[in-house]
Amino acid sequence: MSLDVRESVPLAPLTTLGVGGPARYFAEAADEAAVVEAFRFAEARGVPLFVLGGGSNLLVADRGVDALALRVRVRGIELLRGRGEDGGGETRGGGVDGGGGEAGRALVRAGAGEAWDDLVARSVAEGWAGVECLSGIPGDVGATPIQNVGAYGQEVAETIVEVRAIDRATGAAVVLSGADCGFGYRDSRFKRAWRGRYVITAVTFALRPGGAATVRYPELQRALAAPAGGAAPPLGEVRSAVIALRRGKSMVLDPADENGRSAGSFFMNPTLAPGAAAGVIARIEAAGVLAPGEAIPRYPADGGRVKLSAAWLIERAGFAKGTRHGAAGISTRHTLALVNRGGATAEELLGLARRVRRGVLDRFGVALSAEPDLVGFAPGEIDDLVGGAHL
């Protein structure tokens, strides 16, 4: 198919924050051939290519992006029933069984352009367990492996078996196993060693037909009145509870919500080595910010590290819900969300993010790291927000 490329397309309306300038070029790719054509277009004009996705985890610079912004619109959700579903023309890496040889699993492939929550809703309706706690998250399927999207005790890393992508260097389709993706807390090789190398076109998930819901997150257990170790509620009930919790924090898309213009959580929960965590905890206890009998929220993380609550640290550093910085602000419902109150600029949002980060660092010695992708900024302009955040 021929790629329809437009110039000077505003990106703000295509993001959930509603902030940022135009893309020099913009195109949508409905199939893999169009993705390859986009590579060639960008290369011929000497501009970078970046994948826009659903715009839900993105802050675009006010000056815009001197690049080709590509929205991948590859669609379709299918239950795989045999091996070699993709036919020829691909390079397969990782040796994942693509068919019915995995007893008790439903292998479900979704195009990168499918809305993530549509896939979750379909899975819950079909009785396929494995993604129910990820209900209500905005954005597209193709973005979920990059970020290793997670919420309420579940991560996509638990169910992803394959990621299909186009290799920018060769223009060939490749299939990468989930085990090779290097998933970690809000992290993957797509954000590190593979950054800029692949454009994801489809993701295959291994779900559990008739399986029990995952209810291990304390807040979700309380919402469902489900005791730890007890029988799991139905998938639909878990989905409804998760969406209600997210709605209560303005973490679902709702044009009528004053906090609706956000990128979700702006900061990641910091993970610290045990020794560093002990030092931070001692510093918090000495700061006099704990109420009588209050415990510091902390959770085990990969590699024996300790995860702290960024929202808790932000509040104890003196940043209340509703704090404003020009037309940007902290959500009135959730401290981790920075919001556009109407007419905010990217610079105002970054200014608020820096205030928050500096406050937490000065008070507790913990450097927070921004979770959204920050695009269109000059080298060195955002290093303080994206580098060295996990101690």
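Throughout, numbering of the chain's residues begins at 1 and tracks the sequence. Nothing here was measured: the structure is a model prediction, and the numbers come from that model. As a basis for the values below, the full set of heavy atoms in this structure was taken, side chains included, without hydrogen atoms, waters or symmetry mates.
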**Residues Arg71, Glu28: salt bridge by 4.0 Å N-O rule** = no
**Request:** Report yes if the side chains of Arg186 and Glu155 come closer than 4.5 Å at any heavy-atom pair, otherwise no.
**Result:** yes
**Asked** Do you know which two heavy atoms are closest between Val60 and Ala346, and how far apart they sit?
**Response** O-CB, 3.4 Å
**Contact check, side chains of Asp187 and Arg192, non-hydrogen atoms, under 4.5 Å** = yes
**Message:** Do Ser135 and Asp117 have side chains that approach each other closer than 4.5 Å (heavy atoms only, starting at C-beta)?
**Reply:** yes
**Prompt:** Where the side chain of Thr159 meets the backbone of Val156, is there a donor-acceptor pair that is under 3.5 Å apart?
**Reply:** yes
**Asked** Rounded to the nearest 0.5 Å, how far apart are OG1 of Thr323 and CG of Leu338?
**Response** 10.0 Å
**Prompt:** Are the charged groups of Arg341 and Glu348 less than 4.0 angstrom apart, N to O?
**Reply:** no
**Message:** One thing to verify: whether Asp302 and Lys307 come together as a salt bridge, which I'm taking to mean a side-chain N less than 4.0 angstrom from a carboxylate O.
**Reply:** no
**Asked** Just by modelled atom types, is the Ala30 backbone N or O under 3.5 Å from a matching donor or acceptor in the Arg75 side chain?
**Response** no
**Prompt:** Sub-3.5 Å donor-acceptor pair from the side chain of Asp62 to the main-chain atoms of Gly21, do we have one?
**Reply:** no
**Asked** Taking a hydrophobic cluster as the set of Ile, Leu, Val, Met, Phe, Trp and Tyr residues connected by side-chain heavy atoms closer than 4.5 Å, whether directly or through intermediates, do Leu3 and Val47 fall within one such cluster?
**Response** yes
**Request:** Determine whether Arg208 and Thr214 make a side-chain contact, defined as any pair of heavy atoms from C-beta on separated by less than 4.5 Å.
**Result:** yes
**Working for side chain to side chain contact (heavy atoms under 4.5 Å, CB included), residues Gln147 and Glu371** = CA-CA 9 Å; Gln147 188 75 4; Glu371 184 168 331; 3.0 Å; yes
**Asked** Is Glu114 close to Ile77 at the side-chain level, that is, under 4.5 Å between some pair of heavy atoms?
**Response** yes
**Asked** Roughly how far, to the nearest 0.5 Å, is the CZ atom of Arg261 from the CG atom of Leu253?
**Response** 9.0 Å
**Request:** Write down the atom of Cys133, the atom of Val238, and the distance for their closest heavy-atom approach.
**Result:** SG-CG1, 4.1 Å
**Message:** Checking Phe39 against Ile166 for the side chain to side chain contact (heavy atoms under 4.5 Å, CB included) test, could you report, in this order, the C-alpha distance in whole Å, the side-chain angles of both residues, the deciding distance, and whether it holds?
**Reply:** CA-CA 10 Å; Phe39 294 164; Ile166 304 297; 3.3 Å; yes
**Prompt:** Looking at side-chain heavy atoms only, is the closest gap between Pro372 and Asn57 below 4.5 Å?
**Reply:** yes
**Prompt:** Going only through I, L, V, M, F, W and Y residues with side-chain contacts under 4.5 Å, is there a path from Leu385 to Leu349?
**Reply:** yes
**Request:** Before giving the answer on side chain to side chain contact (heavy atoms under 4.5 Å, CB included), spell out for Arg164 and Arg109 the whole-Å C-alpha distance, their side-chain angles and the decisive distance to 0.1 Å.
**Result:** CA-CA 10 Å; Arg164 183 177 171 96; Arg109 182 170 61 197; 5.6 Å; no
**Message:** For the CZ atom on Arg247, are there more than 12 heavy atoms of other groups (residues, nucleotides or ligands in this structure) within a distance under 6.0 Å?
**Reply:** no
**Asked** Counting heavy atoms not belonging to Arg195, are there more than 12 under 6.0 Å from its CZ?
**Response** no
**Prompt:** Are Glu158 and Arg216 within salt-bridge range, i.e. N to O under 4.0 Å?
**Reply:** yes
**Request:** Kindly indicate, with the supporting measurements, whether the criterion side chain to side chain contact (heavy atoms under 4.5 Å, CB included) is fulfilled by Leu313 and Phe267.
**Result:** CA-CA 11 Å; Leu313 292 169; Phe267 293 104; over 6 Å; no
**Asked** Nearest heavy-atom pair of Tyr198 and Ala165: which atoms, and what distance?
**Response** CB-CB, 3.8 Å
Table please: side-chain donor-acceptor pairs of residues 118-129 below 3.5 Å, with sequence neighbours left out.
from	atom 1	to	atom 2	distance (Å)
Arg122	NE	Glu126	OE2	3.1
Ser123	OG	Leu119	O	2.9

**Request:** State yes or no: do Leu70 and Phe41 share one hydrophobic cluster built from I, L, V, M, F, W and Y residues joined by side-chain heavy-atom distances below 4.5 Å, directly or via other members?
**Result:** yes
**Message:** Assess, by modelled atom type and distance only, whether the side chains of Asn148 and Ser188 contain a donor and an acceptor separated by less than 3.5 Å.
**Reply:** no
**Message:** Tell me if a side-chain donor or acceptor on Arg168 pairs with a main-chain N or O of Gly196 at a distance below 3.5 Å.
**Reply:** yes
**Check: Asn269 side chain, Ala310 main-chain N or O, donor-acceptor pair, under 3.5 Å** = yes
**Request:** Could you grab the distance from atom CG of Leu59 to atom CZ of Phe377, nearest 0.5 Å is fine?
**Result:** 4.5 Å
**Prompt:** Where the side chain of Thr335 meets the backbone of Lys321, is there a donor-acceptor pair that is under 3.5 Å apart?
**Reply:** no
**Prompt:** What's the shortest heavy-atom distance between Asp140 and Val72, and which atoms?
**Reply:** OD2-O, 4.4 Å
**Prompt:** If we only count heavy atoms from C-beta on, is the Leu235 to Arg239 side-chain gap below 4.5 Å?
**Reply:** no
**Nearest-0.5 Å distance, CZ of residue Phe190 to OG1 of residue Thr144** = 9.5 Å
**Asked** Applying the 4.5 Å side-chain criterion to the ILVMFWY set and letting contacts propagate, would Met251 and Leu224 be lumped into a single cluster?
**Response** no
**Asked** Side-chain heavy atoms under 4.5 angstrom apart, residues restricted to Ile, Leu, Val, Met, Phe, Trp, Tyr: same cluster for Ile281 and Ile314?
**Response** yes
**Message:** Are Phe205 and Trp116, when compared by the centres of their aromatic rings, separated by less than 6.0 Å?
**Reply:** yes
**Prompt:** So, does Arg357 use its side chain to make a donor-acceptor pair with the main chain of Ala367 at under 3.5 Å?
**Reply:** no
**Request:** Could you tell me which non-hydrogen atom of Ile382 sits nearest to which non-hydrogen atom of Arg354, and how far apart they are?
**Result:** CA-NH2, 4.0 Å
**Request:** Specify the closest pair of heavy atoms between Leu17 and Leu58, including all atoms of both residues, with the distance to one decimal.
**Result:** CD1-O, 3.7 Å
**Message:** With a 6.0 Å cut-off (strictly less than), is the heavy-atom count around CD of Glu219, excluding the residue itself, greater than 12?
**Reply:** yes
**Prompt:** Taking Glu132 for the side chain and Gly130 for the main chain, is one N or O donor matched with an acceptor at less than 3.5 Å?
**Reply:** yes
**Asked** In Å, rounded to the nearest 0.5 Å, how long is the span from OG of Ser309 to CD of Glu315?
**Response** 7.5 Å
**Asked** Out of curiosity, Leu336 CG to Trp312 CH2, how far, rounded to the nearest 0.5 Å?
**Response** 13.5 Å
**pair Val199-Glu32: side-chain heavy atoms closer than 4.5 Å** = no
